[in-house]
Amino acid sequence: MHRGIGLAFQLCGKMAVAGAEPQILVQYLVLRKDLSQAPFSWPAGALVAQACHAATAALHIHQDHPHTTAYLRELGRMRKVVLEAPDETTLKLLAETLQQKNIDHKLWVEQPENIPTCIALRPYPKEEVSQYLKKFRLFK
């Protein structure tokens with residue numbers, strides 16, 4: 001195993017069995033799809049920026065968590081999954097659920113318009129958060 005990869009996953013502290021594949025960390029983002037459609041019609045670049053803001057904020061807020069530390073040590077191996085929420089209500093309901101379940105995340109609210117646009121989770125093993133995200137499809 002590559003020395004750097006082994007170190008990152010040891011820091012994560014999640015090796016099921018000696019010699020087993022290390023746990024893969026994923027940062028999930030849920031972006032509002034309706035912002036790309038009328039009446040909003042935001043350009044693709046603006047939506048990408050919202051996802052970037054949310055992802056950066058979540059990483060910064062949770063920078064000391066072992067999963068985040070391990071994720072950032074292997075920049076070339078980062079995994080992100082961008083999902084779509086149909087509208088603001090759905091995005092806010094997800095934020096409430098994540099809050100209730102103690103899932104670390106950041107709801108990005110674009111200012112000065114005060115528009116919730118995207119949720120970014122800190123890096124997690126997929127199996128720890130997939131149950132909260134399974135109803136969302138990949139952003140298209």
Side-chain angles (χ1 to χ4, degrees):
M1 177 184 291
H2 185 272
R3 194 184 104 206
I5 294 169
L7 175 62
F9 288 109
Q10 287 172 7
L11 287 171
C12 186
K14 298 283 186 174
M15 297 285 285
V17 180
E21 283 299 309
Q23 188 172 39
I24 296 171
L25 298 170
V26 180
Q27 185 176 29
Y28 287 93
L29 296 97
V30 183
L31 183 61
R32 281 180 53 189
K33 179 67 173 176
D34 64 322
L35 294 175
S36 68
Q37 303 160 343
F40 302 104
S41 301
W42 288 19
L47 291 175
V48 170
Q50 297 305 301
C52 291
H53 292 326
T56 303
L59 292 171
H60 178 71
I61 292 165
H62 302 288
Q63 64 185 324
D64 295 327
H65 191 283
H67 286 158
T68 304
T69 303
Y71 184 81
L72 292 173
R73 274 206 171 77
E74 294 296 327
L75 295 178
R77 297 178 57 88
M78 286 184 178
R79 292 185 183 202
K80 285 187 175 41
V81 175
V82 182
L83 305 170
E84 63 182 41
D87 53 36
E88 181 177 343
T89 301
T90 306
L91 191 72
K92 286 180 162 180
L93 286 172
L94 175 61
E96 289 175 20
T97 298
L98 295 173
Q99 184 72 31
Q100 291 168 0
K101 301 298 182 181
N102 295 315
I103 302 297
D104 295 334
H105 69 284
K106 171 64 177 166
L107 171 62
W108 185 259
V109 180
E110 182 63 8
Q111 297 299 331
E113 299 87 353
N114 203 38
I115 300 172
T117 60
C118 187
I119 291 174
L121 280 62
R122 70 158 168 81
Y124 272 95
K126 180 180 178 179
E127 59 275 6
E128 287 186 26
V129 294
S130 60
Q131 64 184 323
Y132 308 112
L133 303 169
K134 62 184 172 190
K135 75 175 188 176
F136 299 97
R137 64 183 191 186
L138 291 173
F139 191 92
K140 293 181 183 178

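FYI, side chains are in, hydrogens and waters are out, and symmetry mates aren't considered; it's all heavy atoms of this structure. Given the structure is predicted, the values throughout are model-derived calculations rather than measurements.
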- [ ] Give the minimum heavy-atom separation between H53 and W108, together with the two atoms involved.
- [x] CB-CE2, 3.4 Å
TODO: For residues A54 and A120, report the shortest heavy-atom separation together with the two atoms involved.
DONE: O-CB, 3.3 Å
- [ ] Would you please classify the geometry between the H65 ring and the H67 ring as parallel, tilted or perpendicular, with 30° and 60° separating the classes?
- [x] tilted
TODO: For the pair T68 (side chain) and H62 (backbone), establish whether a donor and an acceptor sit closer than 3.5 Å, ignoring hydrogens and angles.
DONE: yes
TODO: Would you give the length of the straight line joining atom CG of D34 to atom OG1 of T117, rounded to the nearest 0.5 angstrom?
DONE: 10.5 Å
Task: Closest non-hydrogen atom pair between V30 and A85, with its separation - done: CG1-CB, 3.7 Å
TODO: With rounding to the nearest 0.5 Å, note down the distance linking CZ in F136 to CD1 in I119.
DONE: 7.0 Å
Task: Cluster overlap F139 with Y28, hydrophobic side-chain contacts below 4.5 Å - done: no
Task: Evaluation steps, side-chain contact (heavy atoms from CB on, under 4.5 Å), between T69 and D64 - done: CA-CA 6 Å; T69 303; D64 295 327; 5.7 Å; no
- [ ] Could you walk me through whether E88 and L91 pass side-chain contact (heavy atoms from CB on, under 4.5 Å), step by step?
- [x] CA-CA 5 Å; E88 181 177 343; L91 191 72; 5.6 Å; no
Task: Minimum heavy-atom distance between R32 and L47, given as atom pair plus value - done: O-CD2, 4.2 Å
TODO: Determine whether V109 and L121 fall in the same hydrophobic cluster, where Ile, Leu, Val, Met, Phe, Trp and Tyr are linked whenever their side-chain heavy atoms lie under 4.5 Å apart.
DONE: yes
Task: Shortest non-hydrogen separation from L35 to F40 and the atoms involved - done: O-CB, 3.4 Å
TODO: Check step by step if side-chain contact (heavy atoms from CB on, under 4.5 Å) holds for W42 and I115.
DONE: CA-CA 12 Å; W42 288 19; I115 300 172; 3.9 Å; yes
Task: E84 with K140: basic N within carboxylate O range, under 4.0 Å - done: no
Open item on the list: With clusters defined by side-chain heavy atoms of hydrophobic residues (ILVMFWY) lying less than 4.5 Å apart, directly or transitively, does L29 cluster with I61?
Closed with: no
Open item on the list: Just verifying a value: how many Å separate Q27 CD and Y71 OH, rounded to the nearest 0.5 Å?
Closed with: 5.0 Å
Task: K80, NZ atom: more than 12 neighbouring heavy atoms under 6.0 Å - done: yes
Task: Distance, nearest 0.5 Å, that separates NZ of K101 from CD of Q99 - done: 12.5 Å
TODO: For residues C118 and L31, report the shortest heavy-atom separation together with the two atoms involved.
DONE: CB-CD1, 3.9 Å
Open item on the list: So P123 and V26, do their side chains get closer than 4.5 Å, heavy atoms only?
Closed with: no
Task: Donor-acceptor contact present, side-chain Y124 to main-chain D104, <3.5 Å - done: yes
Task: In one Ile/Leu/Val/Met/Phe/Trp/Tyr side-chain cluster, 4.5 Å: L133, I24 - done: yes
Task: Approximate separation, where rounding is to 0.5 Å, of L98 CG and H105 NE2 - done: 5.0 Å
Open item on the list: Using 0.5 Å steps for rounding, measure from the CG atom of L138 to the CG atom of L83.
Closed with: 6.0 Å
